[in-house]
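Comments concern the structure below.
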Number of protein chains: 2
Amino acid sequence: MNKKNNVSIKDVAKASGVSITTVSRIINNTGRFSKVTQKKVIQTINDLGYEQNKLAVSLRSNKSNTVGIMVPDITNEFYSAIVKKCEQLLFSNGYSSIICNTERSSEREAAYSQVLMEHRVDGLIIISSAIDDSKVIKTTTIPTVYIDRDPHSHNELIVSSDHYTGGEIATKFILNHQLNPFLIMTKTKTSSTMERVRAFKDVLKEHQITDIESRILSLDLTSDKFLETVPSLDSYLQKIVSLKKPAGIFGINDNVAYMIIRAAQRLNINVPKTISVIGFDGNSFSEISAPKITTIVQNTTKLAQESCRLLLQQMTTQDKDVSPAIIKVPVQLVIKESTVH
Amino acid sequence: MNKKNNVSIKDVAKASGVSITTVSRIINNTGRFSKVTQKKVIQTINDLGYEQNKLAVSLRSNKSNTVGIMVPDITNEFYSAIVKKCEQLLFSNGYSSIICNTERSSEREAAYSQVLMEHRVDGLIIISSAIDDSKVIKTTTIPTVYIDRDPHSHNELIVSSDHYTGGEIATKFILNHQLNPFLIMTKTKTSSTMERVRAFKDVLKEHQITDIESRILSLDLTSDKFLETVPSLDSYLQKIVSLKKPAGIFGINDNVAYMIIRAAQRLNINVPKTISVIGFDGNSFSEISAPKITTIVQNTTKLAQESCRLLLQQMTTQDKDVSPAIIKVPVQLVIKESTVH
DNA sequence: CTGAAAGCGCTAACAC
DNA sequence: GTGTTAGCGCTTTCAG
């Protein structure tokens with residue numbers, strides 16, 4: 001019950017009375033061979049149930065047809081959507097994916113990185129890794145595409161949503177509705193987060209608002225914990241309400257936006273009348289929550305497409321002549337029920 | 001930029017002035033070698049940045065240290081939670097996972113199945129595959145664990161939640177609260193679904209309820225589409241309400257339960273006063289939805305643990321002497337706001 | 001304690 | 001059109 005299919009190309013060759021080379025040629029459809037032998041060989045392949053051993057092919061050709069995908073958390077809908085689409089695109093181009101869940105842990109990233117190298121992956125897609133990722137992977141030089149990452153050198157392929165513009169749109173929306181602007185975020189300092197924050201600050205500055213830092217609350221937890229109750233959030237909301245001016249809160253992502261709404265409801269603060277909340281990502285949470293969340297939607301399909309396009313291009317191109325690129329995918333404001341009209 | 005690390009064991013051997021064999025022994029810590037050579041070799045390994053080529057190891061040892069995980073939809077939270085945990089458990093036991101998203105399509109399953117065989121995976125975890133999976137994989141004989149699958153032969157390792165008991169608990173809950181029982185499901189006919197339905201029917205029979213079939217609505221869509229509006233659902237709910245008796249609806253999973261609640265709200269039907277809704281799975285949806293959904297929670301951690309335990313056991317055991325097993329993981333009723341108290 | 005040599009399954013010159 | 005041969009990087013007898 002525990003044995004693998006052991007028919008090798010040699011067996012096929014013997015059984016069909018030709019040489020190994022001929023069989024190889026027929027399998028890969030390279031070189032020349034007669035229709036007759038082809039038919040014969042294909043017949044025996046079927047009879048014997050031969051399956052090509054990719055391990056041997058990879059070893060020989062120094063090409064594994066495998067790519068690694070590093071992702072912080074596959075149960076996060078935003079990431080899983082990207083992973084799913086990448087995996088499909090790569091698969092239809094003949095690549096298998098090894099998906100690695102890093103939990104934003106450097107140790108896990110390092111361990112996976114090692115394993116992927118040992119498996120001789122032909123390429124790497126790294127999604128929003130920890131800040132210090134540069135150390136982990138940088139020594140190797142296989143084709144790599146980053147999704148959501150700060151440009152470190154000028155030598156990288158980076159795809160990301162246009163977080164800065166998204167942050168601008170959200171903040172301007174708040175200001176245009178005469179709302180008192182605030183930002184609530186978590187401690188996770190990814191580049192995508194920081195861009196959104198930067199936009200928030202810039203827009204406030206443009207509007208001559210000075211007490212910017214006091215308008216930002218950074219929660220001491222990750223947004224996976226969005227179902228928990230956080231006292232600091234509650235008190236911050238109460239402070240906001242005490243100002244007696246309708247507020248507009250930019251939640252750094254939909255999970256945080258949801259936390260804010262839930263906290264407001266617990267505190268009997270009306271959303272959107274007293275506070276408007278705007279999120280980021282476009283999770284299904286934003287759709288499920290009551291009220292539904294106004295949010296900046298990221299285009300996961302496009303993110304996956306661009307990433308795979310770049311990676312495939314780089315993997316197939318012989319070498320060097322792929323120029324580095326930073327691709328920004330547009331985001332879109334979708335207005336729902338958590339903001340004033 | 002596009003070249004792989006090419007230091008081989010041969011280079012290490014040459015550089016440290018010993019034979020390939022010795023290096024191999026030191027890497028794998030097999031056989032005997034002196035402390036002195038060990039130190040010398042490890043030194044050169046570091047100097048040269050040698051990384052073992054797993055492809056070659058696998059080819060030689062006929063063991064890839066890779067397992068395949070087939071999953072219907074990785075963006076589904078229930079599945080992604082299982083996959084994530086399996087992947088972690090396997091990784092900490094030295095296995096890499098190739099995750100395959102089948103979309104419940106037989107063609108995709110077949111294609112992946114082929115690829116996994118070619119990659120010579122050592123084992124397979126197949127989560128809730130399509131009905132006709134038996135054909136796809138059955139020819140091969142590598143260690144396989146199924147999560148949520150009908151027992152087809154007596155030769156399989158199957159892990160699943162105790163769907164039948166879960167269905168019983170849900171249905172009895174409805175009956176015990178004097179509610180008029182109904183079941184709403186989707187067309188997806190997986191074994192897990194069918195078990196829940198069977199339990200519903202059995203409990204109703206026990207209570208001498210005869211018009212069972214008319215109490216079941218099967219929606220003509222998959223539950224991924226739970227944000228859509230479905231006319232047949234609306235009219236069914238209206239029919240239920242017209243009976244003027246508080247109803248208890250068993251939604252076959254949390255997505256469906258959510259659909260029901262959303263539809264009820266649209267139709268101004270009070271949940272839970274007019275209809276109580278009980279789901280299955282324990283998604284975060286059940287927590288996010290307003291009202292929060294009473295549901296039968298599956299233990300994804302346990303499901304993953306049991307599956308990996310069986311798989312690892314089967315992969316490491318030399319052969320045969322692993323006995324088939326069907327493991328039922330307990331489920332738990334969690335009462336929230338969508339049902340009467 | 002260490003090394004030489006065979007071979008895992010396959011591809012790619014290079015013959016014929 | 002087909003076959004011979006070398007070798008990808010590694011493990012594993014078998015001999016010292």
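The figures that follow rest on heavy atoms only: side chains count, while hydrogens, waters and symmetry mates do not. Fair warning: this is a prediction, and the values are worked out from it, not measured in the lab. Every chain is numbered from 1, with letters handed out A, B, ... down the list of sequences.
Checked against ring-ring contact (aromatic ring centres under 6.0 Å, His included), A:Phe33 has no partners two or more places apart in sequence or in another chain.
For the atom pair SG (A:Cys100) and CZ (A:Arg108), the distance works out to 9.0 Å, reported to the nearest 0.5 Å. Expressed to the nearest 0.5 Å, how far CD1 of B:Ile69 lies from CG of B:Leu124 amounts to 9.5 Å. Taking NZ of A:Lys84 as the reference point, atom CD1 of A:Ile74 lies at 11.5 Å (rounded to 0.5 Å). In this structure, NZ in B:Lys302 is found 15.0 Å from NZ in B:Lys328, a value given to the nearest 0.5 Å.
Between the side chains of B:Thr37 and B:Ser34, a donor-acceptor pair is found at a separation under 3.5 Å. Side-chain contact of B:Ser161 with B:Gln298: a donor-acceptor pair under 3.5 Å is present, judged by distance alone. No side-chain donor-acceptor contact under 3.5 Å links B:Asn28 and B:Thr30. In this model, a donor atom of one side chain and an acceptor atom of the other lie less than 3.5 Å apart for B:Lys85 and B:Thr301.
Just one residue in the list A:Thr222, A:Asn101, A:Ile127 forms a side chain to side chain contact (heavy atoms under 4.5 Å, CB included) with A:Pro72, and that residue is A:Ile127.
No side-chain donor-acceptor contact under 3.5 Å links B:Thr66 to the backbone of B:Val121.
The outermost nucleotides of DNA chain C lying under 4.0 Å from heavy atoms of chain A, listed 5' to 3', are C:dC8 to C:dA13. Protein chain B contacts DNA chain D over a range whose 5' and 3' limits, counting nucleotides with an atom under 4.0 angstrom from a non-hydrogen atom, are D:dC8 to D:dT12.
For the salt bridge (Lys or Arg N to Asp or Glu O under 4.0 Å) condition, no pair includes a residue of residues 15-37 of chain A, sequence neighbours left out.
Place B:Ser19 and B:Arg60 on DNA chain C by their nearest nucleotides, and B:Ser19 ends up nearer the 5' end. Annotation: of the two residues near DNA chain C, B:Ser61 and A:Ile20, the 5′-most nearest-nucleotide partner is B:Ser61.
Recorded end-axis angle for the helix from C:dC1-D:dG16 to C:dC16-D:dG1 stands at 40°, based on five pairs per end and rounded to 10 degrees.
Pairing each heavy atom of B:Ser64 with each of B:Ser58, the nearest pair is CA-OG, 3.3 Å.
A heavy-atom distance below 4.0 Å to DNA chain D is reached by these residues of residues 21-41 of chain A, ordered by number: A:Thr21, A:Thr22, A:Arg25, A:Arg32, A:Phe33, A:Ser34, A:Thr37.
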